[in-house]
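All values reported here derive from a predicted model rather than from experimental measurement.
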Amino acid sequence: MITVNPDGKIMVRRCLVTLRPFRLFILGIGFFSLCFLMASLGGQFSARRPGDSPFTIRTEVTGALESRGVLRKMSDLLELMVKRVDALARLENSSELHRAHGPLALDRWPPGAGLMERIQAIAQNVSDIAVKVDQILRHSLILHSKVSEGRRDQCEAPSDPKFPDCSGKVEWMRARWTSDPCYAFFGVDGTECSFLIYLSEVEWFCPPLPWRNRTAPQTAPKPLPKAQAVFRSNLSHLLDLMGSGKESLIFMKKRTRRLAAQWALAAQRLARKLGGTQRDQKQILVHIGFLTEESGDVFSPRVLKGGPLGEMVQWADILAALYVLGHGLRVTVSLKELQSNLGVPPGRGNCPLTVPLPFDLIYTDYHGLQQMKQHMGLSFRKYRCRIRVIDTFGTEPAYNHEEYATLHGYRTNWGYWNLNPKQFMTMFPHTPDNSFMGFVSEELNQTEKQRIKAGKASNMAVVYGKEASIWKGKEKVLSILSEHMEVHGTVFYESQRPPEVPAFVKNHGLLPQPEFQQLLRKAKTRFSPPHSSLNHEFFRGKPTSREVFSQHPYAERFIGKPHVWTVNYNNSGEFEAALKAILRTQVDPYLPYEYTCEGMLERIHAYIQHQDFCAAPGPAPPGAGVPKSPFVLAPNATHLEWARNSSLAPGAWPPAHSLRAWLAAVGRACTDACLDRGLVCEPSFFPFLNSQDAFQKLQVPCDSTEWEMNHLYPAFAQPGQECLLQKEPLLFSCAGASAKHRRLCPCRDFRKGQVALCQDCL
């Protein structure tokens, strides 16, 4: 529709309607440009905060350069828009359109200003602002360059005797910082400053940088009160924590359900024994490494076929004991779960954890220990004192120091972790150097005991050893055994390949646990060859040429059930005599207290509440002033006792007043020296004895005193009259003997049926 106004000018109304959206677009462009510039300027000014790292500034300046380029592109875009709307502008000029109708009319422009002039004015304003921003950014770059230059002078590896490894670590970072993505995760970008910031604030090899803004709070927050552990009797939540999907987990959950009533009763008994003793609740991570896919998880497919079950029996009982004692529990059986719970940064495991370790204790196995060391970086060294290693097969004394193990050629799991030997928790009490974790045997009522006793075969023996290789070279021994007993075995074999065992052995193959238990209950005795797991179960550091029957050696000495035989294979006469003695002996079903639910709860309770390897005392360094030992010579002048007027060592566990110290005879280990006196060797007491004063009070003539690294020390060398003190606290060991040394041995008392604990250890 075309109309003519009084001035004679033509107005095209439909054109007005067509151009209104365009006006909105032009205004939107202007508003967006203004907001963008304000945001850009604000970002640049905020980049000048003191304390930001050089590489943070570099990132923001790069962003500013990109912002300036965007402004230029916007200006070019507006120029292009001017050209494209030129045709519309001609239409406006030809029709002399000056005024628009409606609330968004552009009548604020000077009279006579056309659409083209208005667009050009907006473009010019944006261009002017872009020029000003460019000037500001150039000035900002110069300023940041000066600041960075000043800081670069401060980003040189400092020479500080408190941080001797700083310069070497910086050199390593220069060459290898791209070897693991975790360094970039913590902000390392290849600059010297980023190296020093990482090495001083994430790791701890370099001193703090003075120009870093690290204002510490004036008052440290008060620690939250520790929660108290409360005994639990309902294990349903534990079954959920254990997870599912693996045959091994199914087996462990079945065992836990079967023993639930015994655990509940044991908790009630222990609660009465402890009275109102307050127990701190610990946050505990249980990582079962051998069940992870990364370790192969070779056990799960064989569980239901009767494969190795000892590990899963023990882990099921450990989980139950920790849960019943009332502690917070997290269970992981995959590497991904482990990394998530620990706070492992992305990468290959060279960097520390992203957060402080949220767990007071970690229980794992050798597979899990290796995984933690691989993925925790330096945090492994920091937190390894909280780790407890469940050892289901180790039987050697704990020569647990990497340098010493390398020097002496020990190629075992003990030597290369630099853990306190007590952190290794064994399935059976091999040596007091380690903590005895144990497992649970099902308690039988009197009726069940009578039924088992009535069902015993008078001449049946079970050969315990699932690998056929264990029996190679033992044909003579098995032959003697078969003359007196019916021999049964559970040796693993594939259906198409029978095991290489003598024909007279009635081999059952791998049996499911219920069937295997029935077989053991029916047998007169169990027989284990050298290197088999049963021999290791009941064997405490004796030569592997000897064999063990029935209970473990401590049973005869402490429990009063003399059903233990140790026999030399090489002496066939001795071996046959022992077999005849077994046949004549009436063995009643017997369960030691330490293998009951209550015994295991008692033992683990004591470990959790009192074992603290993060604050364990060590020996004084060579040449340092050593305070006199708090011992006195006993009235009979045979050993040392803790002086009554001496204050107890703070934090010592077992309590120091239970210590008794003897000088062993030549060639005797401390385990034997203490056992000869009805006591148990206690390696945690060695630091108190590791001084020349202890030898002097025992009236030992020391012509000289030396500090050396040896698992036999402290000891007195003959001949030479030399007193030898331990240089490395990780090597304190009750095991080991020498024909040239008399060892200084710390002994303690024990609880009846619980040799792992002293009388006052609860």
Side-chain angles (χ1 to χ4, degrees), residues 53 55 163 165-166 169-170 172-173 176-189 194-209 212 214 216-217 220-221 223-224 226 241 281-289 292-295 322 327-390 402 416-420 423 608 612-616:
S53 66
F55 47 88
F163 300 89
D165 299 324
C166 183
K169 290 294 181 180
V170 171
W172 189 95
M173 292 291 290
R176 301 292 303 278
W177 75 272
T178 58
S179 63
D180 195 324
C182 70
Y183 297 116
F185 173 82
F186 282 108
V188 177
D189 65 350
S194 69
F195 297 154
L196 287 174
I197 290 171
Y198 174 83
L199 292 172
S200 62
E201 298 179 14
V202 180
E203 297 184 4
W204 46 88
F205 292 105
C206 294
L209 301 176
R212 290 285 289 171
R214 300 187 304 107
L224 297 175
K226 293 183 178 180
L241 291 175
Q281 185 185 58
K282 306 291 186 180
Q283 297 303 314
I284 301 176
L285 173 65
V286 177
H287 178 61
I288 310 177
T292 62
E293 298 298 333
E294 290 76 11
S295 67
L322 296 175
H327 298 290
L329 211 57
R330 189 75 58 84
V331 184
T332 60
V333 292
S334 74
L335 184 57
K336 185 177 180 180
E337 291 174 325
L338 174 67
Q339 293 173 329
S340 175
N341 281 281
L342 294 179
V344 175
R348 299 186 178 92
N350 291 308
C351 297
L353 302 181
T354 58
V355 294
L357 186 68
F359 301 102
D360 301 299
L361 291 170
I362 298 177
Y363 287 84
T364 189
D365 54 18
Y366 285 111
H367 294 282
L369 188 64
Q370 180 63 47
Q371 291 168 350
M372 289 180 186
K373 185 175 183 181
Q374 181 179 354
H375 294 278
M376 290 176 67
L378 290 176
S379 294
F380 180 82
R381 182 191 306 175
K382 181 178 181 181
Y383 294 120
R384 64 186 170 192
C385 60
R386 304 187 191 182
I387 296 175
R388 307 292 183 266
V389 184
I390 306 303
E402 183 174 2
Y416 298 95
W417 300 103
N418 287 348
L419 302 179
N420 187 306
Q423 289 178 254
I608 291 177
D612 185 3
F613 301 111
C614 297

[atom1]/[X] to [atom2]/[Y] distance, rounded to the nearest 0.5 angstrom?
{"X": "F186", "Y": "L199", "atom1": "CZ", "atom2": "CG", "answer": "12.0 Å"}
{"X": "W177", "Y": "Y183", "atom1": "CH2", "atom2": "OH", "answer": "11.5 Å"}
{"X": "Y383", "Y": "L361", "atom1": "OH", "atom2": "CG", "answer": "14.0 Å"}
{"X": "N420", "Y": "C614", "atom1": "CG", "atom2": "SG", "answer": "10.5 Å"}
{"X": "M173", "Y": "L196", "atom1": "CE", "atom2": "CG", "answer": "9.5 Å"}
{"X": "K169", "Y": "W204", "atom1": "NZ", "atom2": "CH2", "answer": "10.0 Å"}

(message) Just checking F205 against F163, ring centres under 6.0 Å apart?
(response)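 Distance test on ring centres: not under 6.0 Å, no.
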
(request) Before giving the answer on side chain to side chain contact (heavy atoms under 4.5 Å, CB included), spell out for T332 and V286 the whole-Å C-alpha distance, their side-chain angles and the decisive distance to 0.1 Å. (result) CA-CA 6 Å; T332 60; V286 177; over 6 Å; no

Taking C-beta and beyond as the side chain, do [X] and [Y] meet within less than 4.5 Å on heavy atoms?
{"X": "Y363", "Y": "L322", "answer": "yes"}
{"X": "S200", "Y": "P207", "answer": "no"}
{"X": "R381", "Y": "R384", "answer": "yes"}
{"X": "I390", "Y": "T364", "answer": "no"}
{"X": "Q283", "Y": "L329", "answer": "no"}

(request) State, to 0.1 Å, how close F380 and M372 come at their nearest heavy-atom pair, and which atoms those are. (result) CD1-C, 4.0 Å

(message) Looking at every non-hydrogen atom in both residues, tell me the closest pair between V188 and Y198 and how far apart they are.
(response) CG2-CB, 3.6 Å

(message) Quiz question: by atom type and distance under 3.5 Å, do the side chains of S340 and E337 form a donor-acceptor pair?
(response)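 Side chains of S340 and E337: no pair found under 3.5 Å.
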
Side-chain donor-acceptor pairs of residues 345-357 under 3.5 Å, sequence neighbours excluded:
from	atom 1	to	atom 2	distance (Å)
R348	NH1	S179	O	2.4
N350	ND2	D180	OD2	2.9
T354	OG1	G343	O	3.0

(message) Surrounding CZ of R386 (heavy atoms of other residues, nucleotides or ligands, distance under 6.0 Å), is the total greater than 12?
(response)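 More than 12 heavy atoms, drawn from other residues, nucleotides or ligands, come within 6.0 Å of this atom.
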
(message) Name the residue from I387, L338, V331 that meets the side-chain contact (heavy atoms from CB on, under 4.5 Å) definition with H287.
(response) L338

(message) Let's go through V389 and Q423 carefully: what are the C-alpha distance in whole Å and the side-chain angles of both, what is the deciding distance for side chain to side chain contact (heavy atoms under 4.5 Å, CB included) to 0.1 Å, and is it a yes or a no?
(response) CA-CA 6 Å; V389 184; Q423 289 178 254; 5.6 Å; no

(message) Could you work out, with side chain to side chain contact (heavy atoms under 4.5 Å, CB included) as the rule, every residue matching T178, not counting sequence neighbours?
(response)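 Expected list: none.
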
(message) Run the side chain to side chain contact (heavy atoms under 4.5 Å, CB included) test against S295 and tell me which residues pass, sequence neighbours left out.
(response)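 Counting only residues at least two positions away or on another chain, S295 forms a side chain to side chain contact (heavy atoms under 4.5 Å, CB included) with T292, H367, Q371.
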
(message) Closer than 3.5 angstrom, by distance alone: can the side chain of E201 be matched with the main-chain N or O of P208 as a donor-acceptor pair?
(response) no

(request) State whether the side chain of R388 and the backbone N or O of I362 hold a donor-acceptor pair below 3.5 Å, judged by distance alone. (result)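 No, because the side chain of R388 does not come within donor-acceptor range (under 3.5 Å) of the backbone of I362.
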
